[in-house]
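Notes follow once the structure below has been shown.
Computed from a prediction, not measured in an experiment: that's the story for all the values here. Starting from 1, each residue takes its place in the sequence as its number.
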Amino acid sequence: AMKGNDASHDAAHVWRVRDLALSLASEEGLSSDPDSMEIVELAALLHDIGDYKYLRDPSEEKAVENFLTEEGVEENKKSKILKIINGMGKLLKLTFITCVVLTFTSSSIEIDILSSSNMGK
């Protein structure tokens, strides 16, 4: 889905974000909950798919949701993954200061983790 976009969002970027997100999740104590770790991992791997900057067609906006449904991801996990990705997208559209404030006051530690790992590209 991301093929043909700028090199800053290539497979290496996705793996860096994933690795950093899982590391931060462990540091935050989520490693004792396999479901949370899976949510963080999937959100990290899928975070740029459907990103407004890379959409070529409006139908691509639902690519992540459709993929998760096709893969049989539980509805509860799917909604959390989508919340993280959508929340992160909103954070990254705002000013840096606003991102920092929202990150530290966010109601979802998974959003915080993924946002932090993506900013550390």
Side-chain angles (χ1 to χ4, degrees):
M2 295 298 293
K3 188 176 181 178
N5 290 313
D6 66 89
S8 70
H9 287 78
D10 60 5
H13 163 77
V14 173
W15 289 111
R16 281 191 307 273
V17 171
R18 175 211 174 257
D19 293 346
L20 188 52
L22 289 174
S23 177
L24 290 168
S26 290
E27 288 177 24
E28 292 296 327
L30 294 181
S31 59
S32 62
D33 181 4
D35 286 343
S36 287
M37 294 299 283
E38 181 182 17
I39 289 165
V40 168
E41 182 172 28
L42 286 171
L45 290 171
L46 301 170
H47 78 277
D48 279 330
I49 298 173
D51 186 312
Y52 75 97
K53 296 185 298 289
Y54 302 108
L55 291 179
R56 285 168 249 169
D57 181 309
S59 66
E60 294 176 350
E61 198 169 337
K62 297 272 186 191
V64 173
E65 185 174 356
N66 294 340
F67 171 78
L68 295 171
T69 299
E70 290 168 13
E71 292 300 311
V73 174
E74 297 169 24
E75 198 60 39
N76 183 39
K77 288 181 185 177
K78 183 171 82 171
S79 68
K80 288 181 180 180
I81 292 164
L82 293 171
K83 179 180 177 184
I84 292 166
I85 292 171
N86 293 332
M88 204 187 114
K90 289 178 183 133
L91 284 174
L92 295 177
K93 290 180 198 173
L94 302 171
T95 66
F96 177 76
I97 297 299
T98 306
C99 286
V100 170
V101 170
L102 289 175
T103 298
F104 287 102
T105 60
S106 173
S107 62
S108 172
I109 192 154
E110 291 96 344
I111 293 174
D112 297 346
I113 289 167
L114 188 54
S115 294
S116 297
S117 61
N118 194 47
M119 287 179 188
K121 303 177 200 179

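- Note that CD of Glu41 is 12.5 Å distant from OG of Ser36, once rounded to the nearest 0.5 Å.
- To the nearest 0.5 Å, atoms CD1 (Ile39) and CD1 (Ile84) are separated by 6.5 Å.
- In terms of modelled atom types and a separation under 3.5 Å, the side chain of Ser26 and the main chain of Leu22 share a donor-acceptor contact.
- Note that CG of Leu20 and CD of Glu27 are 8.5 Å apart. Values are rounded to the nearest 0.5 Å.
- Atom NZ of Lys80 and atom CD of Glu74 lie 10.0 Å apart (nearest 0.5 Å).
- Judged as a side chain to side chain contact (heavy atoms under 4.5 Å, CB included), and not counting sequence neighbours, the contacts of Glu75 are Lys78.
- The minimum heavy-atom distance between Ile81 and Leu68, with the atom names listed, is CG2-CD1, 3.8 Å.
- Nearest heavy-atom pair across Arg18 and Ala44 is CA-CB, 3.6 Å.
- With rounding to the nearest 0.5 angstrom, the CD atom of Glu38 is 10.0 Å from the CG atom of Asp33.
- Rounded to the nearest 0.5 angstrom, Asn76 CG and Asp35 CG are separated by 8.0 Å.
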